[in-house]
Amino acid sequence: MVDFRTFYKEKANVAYMVMGYPNLSVSREFLKKLDKSPIDILEVGVAYSDPIADGQIIANAALEAIKEGADIYKVFELLKEVKTQKALVFMVYYNLIFSYGLKHFVKDAKKVGISALIVPELSFEESAELKKECDKEDLALITLISITTPKERIAKLVKNAKGFIYLLASVGITGGKSAQTELLEEKIKEIRSFTKLPIFVGFGIKNNHDVKNIRKISDGAVVGTSIVKLFESANVGEILKGVKEIFKN
């Protein structure tokens, strides 16, 4: 099992992209230059036609990617070309995994260098089958915890967690208003009482100011919507410039 702490020094810079947005060639060029960026862990979003956890910007990007032909097969093909020192994590909806076949999906993800899966709409109670396949291939199935998750449930969720804990800073869809820092601090303390895994905070982290605040209280910040927005330019140089600005120290 990958130790995600080996990919960052003090705090992790975690970014999210929609594979195939604005097109597959921009995705390919960005991934080839990934090692020159301040990103430590990259969430590779696989476009889905009904993205229930995503805000308007990411949902629109996913639809554009689908129009560009960025289905799961194309995503796997493109990832075969990528050689990177950074950690790659799939952000993927369960329906895509299910239709591909759980066992085959996990095996193919492992082959192309994926270290973990984030499956936003898959509840803990329904995750046993996928977790079994992930464990076989040494892939982490990431545990998501919300700011509103009760302490008793946190204990249950993190008991067999692997990789890292993804704390959702805002309730609802991505790009939403972040919870107050004090509330987040309390929630992180609760989680830390049950696990030694790193805790990354995402949902509602938009700019360098947010990133710096999140670094103070957690092990890393996840930026999604703001980075997807950078891809609108279809200019990898501009995208990397924007990424550096968001994650600067």
Return yes if some donor-acceptor pair links the side-chain N/O of [X] with the main-chain N/O of [Y] below 3.5 Å, else return no.
X: K11; Y: S218; result: yes
X: D40; Y: Y8; result: no
X: E121; Y: Y94; result: yes
X: K86; Y: I41; result: no
X: T149; Y: I145; result: no

### Message
Between N13 and R215, is the side-chain contact (heavy atoms from CB on, under 4.5 Å) condition met? List the steps.
### Response
CA-CA 9 Å; N13 296 330; R215 281 176 184 152; 2.9 Å; yes
Can you tell me how far the [atom1] atom of [X] sits from the [atom2] atom of [Y], to the nearest 0.5 Å?
X: F200; Y: I142; atom1: CZ; atom2: CD1; result: 8.5 Å
X: S115; Y: F4; atom1: OG; atom2: CZ; result: 5.0 Å
X: L88; Y: L79; atom1: CG; atom2: CG; result: 6.5 Å
X: L141; Y: K162; atom1: CG; atom2: NZ; result: 10.0 Å
X: E186; Y: T181; atom1: CD; atom2: OG1; result: 12.0 Å
X: I154; Y: K187; atom1: CD1; atom2: NZ; result: 4.0 Å

Hey, are [X] and [Y] close enough for a salt bridge, meaning a charged N less than 4.0 Å from a carboxylate O?
X: K189; Y: E185; value: no
X: K132; Y: D135; value: no
X: D219; Y: R192; value: yes
X: E125; Y: K156; value: yes
X: E29; Y: K32; value: no
X: E133; Y: K136; value: yes

Taking the side chain as every heavy atom from C-beta outward, state whether [X] and [Y] have any atom pair closer than 4.5 Å.
X: F194; Y: K151; answer: yes
X: E129; Y: L102; answer: yes
X: N208; Y: F247; answer: no
X: Y93; Y: V46; answer: no
X: S37; Y: K244; answer: no
X: V119; Y: I97; answer: yes
X: D108; Y: I114; answer: no
X: P38; Y: V243; answer: yes

Test of understanding: clusters of I, L, V, M, F, W, Y form through side-chain heavy atoms closer than 4.5 Å, transitively. Do [X] and [Y] belong to the same one?
X: L183; Y: L144; result: yes
X: L157; Y: M1; result: no
X: V44; Y: I66; result: no

### Message
L31 and side chain to side chain contact (heavy atoms under 4.5 Å, CB included): which single residue from M19, E81, K83 fits?
### Response
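Only match with L31 under side chain to side chain contact (heavy atoms under 4.5 Å, CB included): M19.
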### Query
Of V222, V201, L42, V89, which meets side chain to side chain contact (heavy atoms under 4.5 Å, CB included) against V14?
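Output: one option passes, namely V222.
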### Query
Would I246 and V211 satisfy side-chain contact (heavy atoms from CB on, under 4.5 Å), going step by step from the backbone distance to the final call?
CA-CA 7 Å; I246 288 168; V211 167; 4.0 Å; yes
Could you report the tightest heavy-atom contact between [X] and [Y], atom names first, then the distance?
X: L139; Y: A109; answer: CD2-CB, 4.1 Å
X: A234; Y: V26; answer: O-CG2, 3.8 Å
X: L24; Y: L78; answer: O-CD1, 3.6 Å
X: P120; Y: V92; answer: CD-O, 3.5 Å
X: V18; Y: S27; answer: O-OG, 4.1 Å
X: V75; Y: A70; answer: CG2-O, 4.2 Å

### Task
Evaluate side-chain contact (heavy atoms from CB on, under 4.5 Å) for K33 paired with V236, printing each intermediate quantity in order.
CA-CA 9 Å; K33 293 181 178 176; V236 172; 4.0 Å; yes
### Message
Side chains of R28 and N23 only: does a donor on one sit below 3.5 Å from an acceptor on the other?
### Response
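Their side chains do not contain a donor-acceptor pair, so the 3.5 Å distance test is not met.
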### Query
Does a side chain donor of either E64 or N60 reach within less than 3.5 Å of an acceptor in the other side chain?
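Absent: no donor and acceptor within the cut-off.
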### Task
Please report the C-alpha distance between M17 and F231 in whole Å, then the side-chain angles of each, then the deciding distance to 0.1 Å, and finally whether the side-chain contact (heavy atoms from CB on, under 4.5 Å) criterion is met.
CA-CA 8 Å; M17 71 177 288; F231 278 80; 4.2 Å; yes
### Query
So, do F203 and Y16 have ring centers that fall under 6.0 Å from each other?
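No; Y16 has its ring centre 6.0 Å or more from that of F203.
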### Query
What is the ring orientation for F105 with Y100, classed by angle as parallel under 30°, tilted 30 to 60°, or perpendicular over 60°?
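Perpendicular.
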### Message
Go through it in stages, so that I can follow the logic: the residues are E190 and S193, the test is side-chain hydrogen bond (donor to acceptor under 3.5 Å, both in side chains), and I'd like the CA-CA distance, side-chain angles, deciding distance and then a yes or no.
### Response
CA-CA 5 Å; E190 276 183 17; S193 69; over 6 Å; no
### Task
Please indicate whether K229 has more than 12 foreign heavy atoms, meaning atoms of other residues, nucleotides or ligands, lying under 6.0 Å from its NZ.
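No, NZ of K229 has 12 or fewer neighbouring heavy atoms, counting only those of other groups under 6.0 Å.
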